[in-house]
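To find a chain, count down the sequence lines: A is the first, B the second, and so on, and within it residues start at 1. All of these numbers come straight from a predicted model, not from anything done at the bench.
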Protein chains: 2
Amino acid sequence: MATTIKDIAKKAGVSISTVSLVLNRKGYVAPKTKEKILSVMNRMDYKPLHSARKLATQKTGNIGYIIWEGHFSEVEMFYSQVFLGMEYAARKSDSYILLTTVKEDFDPKNDLPRFLQYKDVDGVALAGRVPHTLIEYLDNQELPFVLIDYELPGKSFNCIKIDNYNGAFRAVENLVLADKKYIAFVGGTFFHPSIKERYRGYREALEKYNLVNDGYLKKYSYCENIETSRSIGENGAIKLLNRHPEIDAIFCCNDTTAMGVITGIQKIGKKIPQEVAVIGFDDIPPAEYNMPKLSTVRVPKLEIGKQAFMLLSELINNPNMAPQTRIISVDLVIRESSHSEGNKQ
Amino acid sequence: MATTIKDIAKKAGVSISTVSLVLNRKGYVAPKTKEKILSVMNRMDYKPLHSARKLATQKTGNIGYIIWEGHFSEVEMFYSQVFLGMEYAARKSDSYILLTTVKEDFDPKNDLPRFLQYKDVDGVALAGRVPHTLIEYLDNQELPFVLIDYELPGKSFNCIKIDNYNGAFRAVENLVLADKKYIAFVGGTFFHPSIKERYRGYREALEKYNLVNDGYLKKYSYCENIETSRSIGENGAIKLLNRHPEIDAIFCCNDTTAMGVITGIQKIGKKIPQEVAVIGFDDIPPAEYNMPKLSTVRVPKLEIGKQAFMLLSELINNPNMAPQTRIISVDLVIRESSHSEGNKQ
DNA sequence: TTGATTTATCGAAACGTTTTAATATATTTT
DNA sequence: AAAATATATTAAAACGTTTCGATAAATCAA
């Protein structure tokens, strides 16, 4: 059917091996033979058959992308964007990203993604919070993997991290400079290390400006120890504002929560941002279309995907690399929800 | 390394061929040999190597999923959900879905997705509006493909269609029964056949109740011939309501537009749904979290993905099947944006 | 010049399956 | 009891590549 390496060899008057050598840029092959072969390949529109190549090399050319089911199926566009970033990067190296989801109550015995069961990937990217049993499984398998925006305390794995601390710090600092004095925090599960870091950024920014007095942090923080959602934001905003009407800004652990916070503030009837300013984190697409448009910390999602892919490629080619963490920096983007008069430009 | 069919054969005291036969449920093999082999397989945790199998069978076991770049990277969660539906279905048959995006100005000569260049898929699903040149290319390649929520006028391809007409009809009928008299339509490109159908449903529902008088349709329709977006909705609502203040309901070509329409209505200062009711189409996840919650026509996205996968599988196993269209039915879901008093339950 | 190295090419084995055709045995039909 | 058919097993070829080792020619060092 399709042209094979054999056809090329015959037409070019050389052996199969030689063709393979130019295909893989290996060994010695005379410039003019090489040229000849390349021209024949081009003329006959030759594409190596991946399955044959894979069989011979014992590599799959695939990378797995695993994400918690809720993260892909809900409003959350974050991890789809990261995925897209990986896909873009993968195009250049002719490999494929196989996406699959795992359930919350994942059990490695029964729910193992099929590309792991069948060893159809050379490496795996784990996006966001994933079951720890899965991480352990991969660690035991000696299959290269990277965590994206997640980590396990005490263990050192390959990681792509967001600069959560600085993002949060700058956001809160911006609120302070806009003359906000009572800045609350609304968030979800502290179990997630990224949220912990964002909280730390929040706290340290307040400390820098000496806003923190006794009980400040406790009074103005609202966290439910579950997956973040709009409803956490809405509940949090309503409870905090009723209890402490002096609150004039809310920094949220992410955009999803922030959009809920905005709903809550609107229900109470306060003006955004004049009475209460809001800043989120992530810059997911709906943030820009929210009413009012959401100020937030932009996380470069495509870039994260690209970096994950690159790190993974390095790991695959060099399995004994020491585990490393790469940190992706973020930018504050001010929109309507925190656009105070004094700060407008 | 991993156990191969050879190991199984040796341990079970049979030939490789016999093992292969039970693996593929083919030919004759004595019940007790079969049992023996299966037990050995189980004990040794044998998984056939996909690349070897693919090489031998000349099938890839992959299905491509192509989507316009803007549809995956923007707010639109619709096609990600359809993708997920395909992925779920694929799990059962041990195949993989390879997702890639194409640009608006796609050119088959240069931008062909790599899984098409390398013939790494047995079939392709095209999600939503995709470049016609791509459809033509696939048609020439004799590669099985299905269109999801799209069609080409005059051509009969394999299609998974949404019951757009009935969804729209029921939505508009519901508005009429809630005593709305001046029901507008806001939408995007008529170039998209689904939107055409939704408009037809709108029109015929109005006709059924004799609401359409001279100029009604022209007066109360706002369409920009570009990709749908929130801003089309916002602009449309503002223009229509300023020009025709009697409008008491707006049916939108999809949820994205509807959320824009809601923003527009809010800017003008009318109450939803008391003064102006809004119904969208699709039921994308943000619809439920919108303020007010958006009434809409629920399209079962996972089911669409599943049906696409199933149709594609049939096509792959039976290449001469006549092209067919499968229609997925939809449900009206009433939330706050059209929840008129008289209609509340 | 000789021997060592570098450059160039190729035959053949290997990767792990499926599948075809051959063979052998058991069962059924005549 | 012979012929025909169904059941059971297998050896070997095939799928399209990579890679190892052999071989030969060209270049270099002494």
*Please report the C-alpha distance between T18(B) and S15(B) in whole Å, then the side-chain angles of each, then the deciding distance to 0.1 Å, and finally whether the side chain to side chain donor-acceptor pair (under 3.5 Å) criterion is met.*
CA-CA 5 Å; T18(B) 310; S15(B) 78; 3.1 Å; yes
Phosphate OP1/OP2 of [N] contacted by [X] side-chain N/O (<4.0 Å):
| X | N | answer |
| --- | --- | --- |
| T18(B) | dT10(D) | yes |
| T33(B) | dT9(D) | yes |
| Y28(A) | dA8(C) | no |
| R53(A) | dG16(D) | no |
| Y46(B) | dT17(C) | yes |
| Q58(B) | dT19(C) | no |

*Going by the angle between their ring planes, with limits at 30° and 60°, are Y96(A) and H50(A) parallel, tilted or perpendicular?*
perpendicular
Picking from [options], which would you name as closest to the side chain of [X]?
| X | options | result |
| --- | --- | --- |
| T4(A) | dT9(D), dG16(D), dG16(C) | dG16(D) |
| S15(B) | dC10(C), dT18(D), dA11(D) | dA11(D) |
| P48(A) | dT17(D), dT17(C), dA8(C) | dT17(D) |

Taking any heavy-atom pair under 4.0 Å as a contact, classify [X]: base, sugar-phosphate, or nothing.
| X | value |
| --- | --- |
| S17(A) | base |
| K26(A) | sugar-phosphate |
| S20(B) | base |

_Quick check on the helix from dT1(C)-dA30(D) to dT30(C)-dA1(D): what's the angle between its two end axes, five base pairs per end, to the nearest 10°?_
30°
*Rounding to a whole Å, what distance do you find between I16(B):CD1 and dT10(D):C1'?*
10 Å
*Closer to the 5' end of DNA chain D via nearest nucleotide, is it T57(B) or K34(B)?*
K34(B)
*Would you please say whether a donor-acceptor pair under 3.5 Å links the side chains of Y79(A) and D149(A)?*
yes
_Can you see whether D122(A) engages T60(A) through a side-chain donor-acceptor pair at a distance of less than 3.5 angstrom?_
yes
